[in-house]
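If you're wondering where the values come from, they're calculated on a predicted model, not measured in any experiment. We number each residue from 1, following the sequence as shown.
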Amino acid sequence: MTDPLIDRRARLLGPNVPTFYDEPVHIVRGEGVWLWDAAGRRYLDAYNNVPHVGHCHPKVVEAIAAQAARLNTHTRYLHETILDYVERLTATLGHDLSQAVMVCTGSEANDVALRMAQAATGKTGLIATDNTYHGNTAAVSALSTRRPPIGGYPPHVRLVPAPDSLAPLGGSAEAQPEAFAANVARAIAELEEAGHGFAGFMLCPFFANEGFPTLAPGFLDPTVEVVRQAGGLILADEVQPGFGRLGTAFWGHEVLGFAPDVVTLGKPMANGHPVGAAVTRPEIMAAFRGAFGYFNTFGGNPVSMAAALATLEVIEEEGLMENARTVGAYALDRLGGLRHPWLAEVRGRGLFFGAEFVDETGAPATGFAIRLVEGLRAEGILAGRIGRAMNTLKFRPPMPFSREHADLVLDSVDRVLARTEVPR
């Protein structure tokens, strides 16, 4: 039934347009944590963080519709909603992160953050991990490692080894913080020697695309010290861990316990409406505004701001951060009770959890993880994979995800594990 649609996609959108799953799902409706396909089958969404407060949340839908029926324009005209939103947003942040550039995507937000670092320092050198993703613009794609840029990585970029749970830098979990910081220090020295200087280090505070390794609070303390001594900025990409997803704090950087200079936001902040932001301190904003004549036609428009404000209100009104804490702990506990010879580690925090699989030799069990995800889809559970070898099963559901939903997911994982054979 979906084959003609796939053919049409290829004809109109070109080759290599990605879809999830061997048999792509044709979704036609969503509500809360549920999605329905064109044949009427219901799927439990345990993957998508974009509908942060649930698919088609009525308060967000109403906010969008009401504002669209009244006015939509850009920020060269005055309107209150962007100011109301930035006030509410920055009230959740510390460290004098009090001013924001509103954009439409996380990619744009990260692009702005890189320019903020360069404007504030007068230097161009940038650092990220060697197993990350920060977006689609030319600047941030040079930090992302899934597909190297044509012609190779630009000379002002250095990628440092990402932290890891099963193979920690320095040989142990205890040695990993200093080992990570030492690699950052070497990268800074290389950038300085090459004449680029060091502007900033961009990272996800949960190291989500790196496979969300288990890291203790304070892990980044040695790295923060290295960055500060070098005069660079720390750019925290909160697109995935932010807005209460980790349960114990509203922001990922709070969980690790460090103070970022710029925080970037995207996908979840307006529940699927295209909104992003780069939030920073006034002196960094002044440097950025002075160096770049930046203007974004759609960034901060009244409809987008109404959607973002409604999303923030729902998080607070429905206690979704506390829900992430309690349900996430329950799900992680249940996941930890599963047994399989290739299940190497269960990890996560809040409503972002999963399990890494390796074979009997210790090699990443990527093919096995693929079969698990496909088996879950066949059971009506949408999940994903992540990590350097894409061998870590990932669950990152909408925030209204409940214990009952967690039971449905983990019961399915148990069944799929039992029937998924390992190669011999």
Side-chain angles (χ1 to χ4, degrees), residues 5 9 12-13 17 25-38 45 47-93 99-112 135-137 238-240 242-245 250 263-279 294-320 397-400:
L5 197 58
R9 277 169 58 100
L12 295 172
L13 304 182
V17 180
V25 183
H26 179 188
I27 296 297
V28 297
R29 184 166 68 91
E31 181 181 338
V33 298
W34 298 99
L35 292 167
W36 285 263
D37 69 13
D45 186 358
Y47 177 81
N48 288 292
N49 68 322
V50 179
H52 192 67
V53 299
H55 292 276
C56 304
H57 192 287
K59 180 165 183 169
V60 181
V61 171
E62 172 58 28
I64 292 171
Q67 185 59 54
R70 184 181 309 116
L71 172 70
N72 200 26
T73 185
H74 53 74
T75 52
R76 289 190 181 182
Y77 299 104
L78 302 181
H79 66 90
E80 295 88 355
T81 314
I82 185 173
L83 307 178
D84 294 342
Y85 180 71
V86 172
E87 282 180 342
R88 291 284 293 275
L89 175 68
T90 55
T92 70
L93 292 156
Q99 296 184 354
V101 174
M102 301 305 307
V103 294
C104 303
T105 66
S107 294
E108 289 177 287
N110 284 335
D111 190 282
V112 166
N136 286 316
T137 73
E238 291 274 6
V239 171
Q240 293 195 67
F243 291 96
R245 174 162 295 280
F250 207 74
V263 166
T264 59
L265 313 169
K267 298 172 183 174
M269 67 186 300
N271 213 47
H273 199 273
V275 181
V279 188
Y294 187 85
F295 172 68
N296 190 310
T297 299
F298 293 110
N301 72 77
V303 173
S304 293
M305 293 298 88
L309 188 58
T311 301
L312 197 57
E313 290 173 349
V314 171
I315 295 170
E316 297 169 354
E317 292 165 1
E318 298 186 6
L320 294 183
M399 294 282 278

For the pair T311 (side chain) and A307 (backbone), establish whether a donor and an acceptor sit closer than 3.5 Å, ignoring hydrogens and angles.
yes

Could you grab the distance from atom OG1 of T81 to atom CG of N301, nearest 0.5 Å is fine?
10.0 Å

Going by atom types only, do H74 and T297 share a side-chain donor-acceptor pair under 3.5 Å?
no

Do M102 and V86 have side chains that approach each other closer than 4.5 Å (heavy atoms only, starting at C-beta)?
yes

Q67 (side chain) donor-acceptor with L71 (main chain) under 3.5 angstrom
yes

Do H52 side-chain atoms and F243 backbone N/O form a donor-acceptor pair below 3.5 Å?
yes

Under the criterion side chain to side chain contact (heavy atoms under 4.5 Å, CB included), I'd like the reasoning laid out for C56 against E31: C-alpha separation, chi angles, the key distance, then a yes or no.
CA-CA 6 Å; C56 304; E31 181 181 338; 5.6 Å; no

I want to check something: taking the side chain as every heavy atom from C-beta on, are Y85 and M269 in contact at a cut-off of under 4.5 Å?
yes

So, are E318 and K59 salt-bridged, with charged N and O less than 4.0 Å apart?
no

Mind checking whether M305 and V275 have side chains closer than 4.5 Å, heavy atoms only?
yes

Step through the shown structure and confirm whether more than 12 heavy atoms of other residues, nucleotides or ligands are within 6.0 Å of CG on L78.
no

Measure the spacing between CG of N72 and CZ of F298 and express it to the nearest 0.5 Å.
8.5 Å

F295 atom CZ: more than 12 heavy-atom contacts under 6.0 Å:
yes

Value for OG1 (T75) from CG (L83), rounded to nearest 0.5 Å, stands at 10.0 Å

Can you tell me how far CG of N271 sits from CD1 of I315, rounded to the nearest 0.5 angstrom?
8.5 Å

Go through R88 and D84 one step at a time and tell me if the side chain to side chain contact (heavy atoms under 4.5 Å, CB included) criterion holds.
CA-CA 6 Å; R88 291 284 293 275; D84 294 342; 5.6 Å; no

